[in-house]
Every structure is written in C-alpha cells, then in structure tokens.
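The block underneath contains the structure these notes are about, expressed in structure tokens.
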Amino acid sequence: MINYITAVLALYFTSYFYYLYISRGIGHKAEFLQLRRFLPCAILAILPSALAQIQLTNNLLITSLIVGLAWIITYPLLYWLTYHKNSTDFGFHFDTVFGLYIIGWLSALKILVIYFNVFPTVLLTFLATIEFLILLLPVAQWIFYLLYKSCIDENSMMMLQETHYNEIIEFFKSFSIPVNLLLFILPTSLYGIMVYLNITALSNVPIDMNIYYLAAIIAITIFLTIYLWKKGKGVFVRTGIVELYLDVKEYFETTKLYVQNMNKRLKDLEVTPTYPNFSKPSTILLIIGESESRDYMSAFSECEYDTTPWLKAKKEDSNFLFFPNSYSCIAHTVSCLERALTEFNQYNDKKFYSSCSIIDIAHKAGYTTHWYSNQGHLGCADTPVTLVANTSGVAKWTKQNLNQVQYDEALLDYLDEIDSQKNNFVVIHLKGNHFNFINRYPPEFTKWGKPGKYDLILNYLNSIAYTDSILEKIHNYASKNLNLQALLYFSDHGTLPDKRRSPNFDGFGTVRIPMFAYFSDEYIQKNNEIYQTLSENQHRYFTNDLAYDLMCSIFNIKSNHFDETNSLASPKYKFTREMLTTDLGKMYIKNDTTK
C-alpha cells in the first residue's frame with residue numbers, strides 16, 4: 001500500500017508544481033483551487049491499480065501512465081515555450097486533470113477486461129488502439145513544434161482545418177522517400193509496442209479481486225467515462241488543444257451567418273450609380289494570386305532571373321500601374337481574403353458575417369458576377385472565402401481530384417462562358433505559387449533547373465514565371481473578347497520559398513506582395529480622377545485588407561458601405577507607412593527595413 005500512496009503523492013506534487021511553473025498570472029485563488037483539485041485526480045489515477053494489486057511497474061499501468069503524462073506535459077509546456085516571454089496570463093489546469101484521469105480510466109478498463117477474461121487479447125488490442133489515438137495528439141503537437149518552433153495557435157489551427165486533401169498529399173511528397181518511410185514506420189512501431197505491452201500484461205495481472213473492489217473499479221470507470229467524455233462538458237473538450245480546435249470550428253460556424261445575413265445586408269446597401277457608364281457592355285477583373293512574393297518578381301525588384309517578362313514589359317505602358325509598397329494583412333489565405341473581399345479590415349471593428357462584400361457592391365452596381373477558382377474550396381465548403389464566392393451569380397471551381405495536379409491554365413476555359421453582351425465583374429482565384437511549387441506549373445514550362453527536379457528556389461521562380469504567363473493570357477483574352485475596362489491583381493500573401501511555411505508571422509518576406517492595375521483608354525477617359533489619383537499614389541503604402549475599398553473606387557461608385565478614406569484611389573486616402581499594420585495588427589509595416 002505504501003507504494004501506491006507514494007505514487008499518488010508523486011503524481012500529485014509533480015503535477016501541481018509543474019502547473020505552477022508553466023502558468024502565468026493565475027492568482028492565488030487558482031493556485032489553491034488546483035491544490036485541492038489535483039489530489040483526487042491523482043488518487044483516481046492510481047486507485048484502480050491499487051484495488052487490483054497491480055505492480056506499478058506492470059506494462060498495463062506503464063502505457064496508461066505514458067499517455068497521461070504526455071497530456072499533462074505537452075500543450076502547457078509548448079504554450080509556455082512559445083509565449084512565456086510576451087504573455088503574462090495563461091494556465092491550462094484541465095490538461096493536468098485530463099492527464100491524471102486518463103491514467104485511471106485506461107487502467108480501470110484494462111483491469112476489467114482481464115478480470116472478466118472475455119476475448120481479452122482482442123479487447124486489450126482495442127484499448128491499446130484507443131491509447132495510441134489519444135497519445136497521437138500530444139505527439140502531433142511535438143512534431144509541429146519541432147517543425148515550426150511554436151505551439152499550435154489559432155492561425156495554425158485554422159490552416160489545419162482548412163487544408164485540402166491534395167495539399168496534404170503534396171506536403172508529404174515534398175519529403176524524400178526515406179523520410180516518408182520513417183514517418184510511416186515510427187507511428188506504426190509505436191502502435192505495435194503499445195499493443196505488445198498491453199497483451200503481455202495478461203500473464204502478470206492478478207484477477208482475484210473481491211466483489212467490493214470490483215464494484216469500486218466499475219464505479220470509477222463509469223464516473224471517469226462521464227467526467228472525461230461527456231459531450232460539451234467533459235474534461236477532454238476543455239483541454240488546451242481541443243478547446244482551441246473547437247473555438248476555431250465555432251468561428252467557422254459563425255461565419256455561416258454571412259449567408260443568413262445576406263438579405264439584410266443587401267436591403268441596407270446603397271450603391272450609386274446602379275449601371276456602368278461605359279459605351280458598351282464591359283468587364284472588370286479582380287485576380288487574386290496565391291503565395292506570390294514581389295521579392296522574386298523581376299517586375300518589382302532586382303532579380304537574377306527575369307521571372308515576370310510580360311509584367312515587366314508593361315512598366316512602360318501607361319495603362320498599367322504598379323504598387324511596390326503593397327503588403328498582405330496576414331500570411332494566411334482565409335484570414336486575409338475574408339478582409340480583402342469585404343469591408344471588414346484590420347482598422348475597423350466590423351465583423352465578417354455582417355460586412356458587405358465586393359460581390360454585393362458589384363451586384364448593386366449593375367454587374368453580372370462570376371467567381372472562378374483553382375483553390376478547391378480551400379478544403380472547406382464553408383470557409384469565409386467560399387461563402388463570398390457562392391454569392392456570385394456564377395461560382396465554379398476546377399476539379400480537384402485526389403492526387404491530381406490542376407494547373408491555373410484550367411481557369412482559362414471558364415472565360416469562354418462569360419457573356420460579352422453583359423457587364424461583368426469577374427474574380428479569378430489562382431493556385432499561383434502555393435507550396436509545393438513544383439506542382440504549380442507543367443514540367444515542359446520549366447525555365448530554370450531540370451523538369452521534375454525538386455529545388456525549392458528554382459521551382460518557386462518557375463511558378464512565378466508561369467503565373468506571369470497566365471496573367472498575360474487572361475488580360476489578352478479579356479481585352480479582345482470582353483471589353484476589359486479595369487483589372488486589379490494582388491496576392492493574398494507572400495512566402496519564403498526556401499523555408500517551410502510557418503502558421504505564425506515569419507518575417508516581412510511573407511507579407512510583401514505584388515499589386516498592379518490595368519485600365520483601358522476608355523476607362524481612363526471616363527474616370528480620369530480615379531486613374532490620376534492611383535497613378536500619384538503608386539508608391540504609397542497599402543495593405544490588401546483595404547482591397548474592398550479600392551475596388552469600390554475602381555467601380556466609381558458611392559455607397560453607405562464604402563469608406564473613401566480607406567481607398568488608395570481616393571484623394572481622401574488616410575493611411576501612411578507609420579499607420580499600416582500586418583499580422584492582423586500585431587506588426588507595423590514601418591518596421592520592415594528591407595525593401
């Protein structure tokens with residue numbers, strides 16, 4: 001009995017003082033609360049083994065102990081390692097509670113399986129599988145931390161929930177065959193070991209408990225099952241990583257209010273004029289790039305390689321305007337575009353689901369709206385970007401078949417569908433330069449390096465050159481066939497091609513984006529003030545969450561949902577380099593010392 005009491009006290013004091021060490025700003029009340037709370041948790045962790053007289057070194061208890069300790073340690077420690085230098089208020093006591101209780105729950109279940117001796121090998125293998133799956137969450141968090149030197153936060157959780165299955169395949173393809181084999185062998189081996197340890201416990205565990213001890217273990221099992229797993233209220237859903245997952249999931253559920261609020265938004269929205277003033281039916285284009293950095297584009301910076309020959313040649317064309325001081329509001333597609341496409345931005349207190357979008361404005365301004373995307377719904381049919389897209393008159397996505405690469409040229413076929421006898425507003429969302437870069441262009445398009453050879457920098461440069469050719473084809477087709485009046489292009493964010501993408505802010509290189517605009521002669525003649533203002537503002541600073549207001553200016557409309565002081569095309573534009581931010585307000589553009 002002394003051994004079990006010692007084990008309880010060791011778990012209790014270790015857990016408690018560990019909790020105190022990796023918490024910040026919890027206050028004395030919380031300290032004393034956990035001082036009381038952790039004791040019954042530690043008792044229930046060891047009590048089933050004590051009642052069954054199982055040795056503390058038995059494999060049956062060891063595997064449960066490993067799972068529990070992994071939960072107690074992982075999320076609180078990784079959060080502390082990431083934020084302890086700049087955050088003074090955090091604590092995750094439910095991770096400790098879950099970790100302690102899961103030890104008791106798993107141990108009790110295995111004791112009951114062995115005691116009743118009904119298909120014990122099958123049931124212990126099943127329980128080992130459950131243990132393995134529970135352990136995978138802490139293991140995955142450690143892998144994430146080793147890759148990105150950060151715990152999983154809100155942005156990275158959003159990325160994980162939005163990831164398309166083809167992106168997962170491409171991610172693993174980016175590793176060498178030996179690394180992929182290792183990634184398969186390690187978890188498989190871990191699972192095999194856990195099964196082996198549990199099954200070998202069969203020959204070492206006594207099964208001669210009296211009826212009272214058996215009843216106590218059954219009661220503990222029932223209590224812990226309810227307390228751990230009760231829907232919406234159990235300890236599991238209140239642990240750090242699961243609570244984060246549910247918060248992000250709830251955020252995506254909240255964004256669905258965007259559709260529910262659509263009629264209310266449109267009823268309140270006022271736009272004048274309500275019909276374009278061009279001489280004949282015309283088209284305005286908005287093209288959204290993906291992960292394209294202006295640092296690697298010869299049209300924007302000094303580059304060893306001429307990655308954007310078409311765009312670079314247009315710098316001598318007065319119909320084209322370039323904006324070399326443009327930035328992304330965050331290096332995360334959905335968080336960026338839900339702002340860029342609506343009046344919701346870093347600098348106001350609006351909410352996405354109640355904000356008007358550029359599609360709403362175009363509808364009211366008399367345009368037939370089209371949305372064509374090569375992004376595969378971003379892996380989630382109800383992301384904010386897709387919700388906006390689906391309010392278009394036509395919304396189509398290229399086919400994203402499993403393990404099949406779809407190049408951006410597939411979008412060109414959609415242009416044939418557009419009726420040139422109507423006024424059209426067309427949004428084209430490119431796959432652009434998204435990792436894995438080698439899959440963004442056909443092998444025969446390779447300009448630098450060898451076709452099919454994996455080289456991050458050269459692959460990225462080739463993808464930029466391919467995007468340049470796609471932009472040229474879109475511009476030429478729309479000019480010839482759709483009476484193109486205006487075109488705005490910007491990327492959602494940039495990237496560091498020689499560095500695996502991080503979900504957290506990874507330097508200004510990830511947010512320095514290209515932006516350019518094209519205006520026809522007729523547009524310039526009829527909207528000369530807009531053109532001249534934009535021309536004069538080419539070197540002013542801009543973040544792409546203000547693209548909604550810029551597009552409102554390009555439409556040349558007035559609206560109760562258009563703030564002209566946010567528009568780069570307005571003389572009232574208020575922002576300076578010192579005022580603008582990125583990473584959703586956490587970083588100032590003025591701190592970017594590299595142009």
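From a predicted model like this one, the values you see are computed outputs, not experimental measurements.
Judged as a ring pair (Phe, Tyr, Trp, His ring centres under 6.0 Å), and not counting sequence neighbours, the contacts of W229 are F98, W105, F236. With sequence neighbours left out, F490 forms a ring pair (Phe, Tyr, Trp, His ring centres under 6.0 Å) with no residue at all. The ring pair (Phe, Tyr, Trp, His ring centres under 6.0 Å) search around F352 returns Y258, not counting sequence neighbours.
For residues 122-132, the pairs satisfying side chain to side chain donor-acceptor pair (under 3.5 Å) are T63-E131, S64-E131, K110-E131, T129-Y191, E131-N198, with sequence neighbours left out. Among pairs with a residue in residues 65-86, none fulfils salt bridge (Lys or Arg N to Asp or Glu O under 4.0 Å), at least two apart in sequence or across chains.
A7 and L56 make their closest contact through CB-CD1, 3.7 Å (heavy atoms, listed as atom of the first residue, atom of the second, distance). Closest heavy-atom contact between F144 and C151: CE2-O, 3.7 Å. Scanning both residues, A45 and L100, for their nearest heavy atoms gives CB-O, 3.2 Å.
In this model, no donor atom of one side chain and acceptor atom of the other lie less than 3.5 Å apart for E338 and Y353. Using modelled atom types and a 3.5 Å distance limit, the side chains of T581 and Q346 yield a donor-acceptor pair. Counting only N and O atoms by type, the side chains of Y347 and T543 include a donor and acceptor under 3.5 Å apart. Side-chain N/O atoms of Y407 and N374 include no donor and acceptor closer than 3.5 Å. Counted by atom type alone, T74 and W142 present one or more donor-acceptor pairs between their side chains at under 3.5 Å. E290 and T333 share a side-chain donor-acceptor pair at under 3.5 Å. Counting only N and O atoms by type, the side chains of R24 and H84 include no donor and acceptor under 3.5 Å apart. Looking at S156 and D153, their side chains do bring a donor and an acceptor atom within 3.5 Å of each other.
Salt bridge K431/D408: absent, no basic N to carboxylate O contact under 4.0 Å.
Judged by distance alone, the side chain of N325 and the main-chain N or O of F542 form no donor-acceptor pair under 3.5 Å. Formation of a donor-acceptor pair under 3.5 Å by the T510 side chain with backbone atoms of G507 is found in this model.
In this structure, Y19 has its ring center no closer than 6.0 Å to that of Y21.
With a 6.0 Å radius and a threshold of 12 heavy atoms from other residues, nucleotides or ligands, F126 has its CZ atom at or below the threshold.
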Without placing hydrogens or testing angles, list every side-chain donor-acceptor pair under 3.5 Å for residues 456-463, not counting sequence neighbours.
{"from": "N459", "atom 1": "OD1", "to": "D455", "atom 2": "N", "distance (Å)": "2.8"}
{"from": "N459", "atom 1": "ND2", "to": "Y441", "atom 2": "OH", "distance (Å)": "3.2"}
{"from": "N459", "atom 1": "ND2", "to": "K453", "atom 2": "O", "distance (Å)": "3.2"}
{"from": "N459", "atom 1": "ND2", "to": "D455", "atom 2": "O", "distance (Å)": "3.4"}
{"from": "Y460", "atom 1": "OH", "to": "S291", "atom 2": "O", "distance (Å)": "2.7"}
{"from": "Y460", "atom 1": "OH", "to": "S293", "atom 2": "N", "distance (Å)": "2.9"}
{"from": "N462", "atom 1": "OD1", "to": "K447", "atom 2": "N", "distance (Å)": "2.8"}
{"from": "N462", "atom 1": "OD1", "to": "W448", "atom 2": "N", "distance (Å)": "3.1"}
{"from": "N462", "atom 1": "ND2", "to": "Y441", "atom 2": "OH", "distance (Å)": "3.4"}
{"from": "N462", "atom 1": "ND2", "to": "W448", "atom 2": "O", "distance (Å)": "2.8"}
{"from": "N462", "atom 1": "ND2", "to": "L458", "atom 2": "O", "distance (Å)": "3.0"}
{"from": "S463", "atom 1": "OG", "to": "N433", "atom 2": "ND2", "distance (Å)": "3.0"}
{"from": "S463", "atom 1": "OG", "to": "Y460", "atom 2": "O", "distance (Å)": "2.6"}

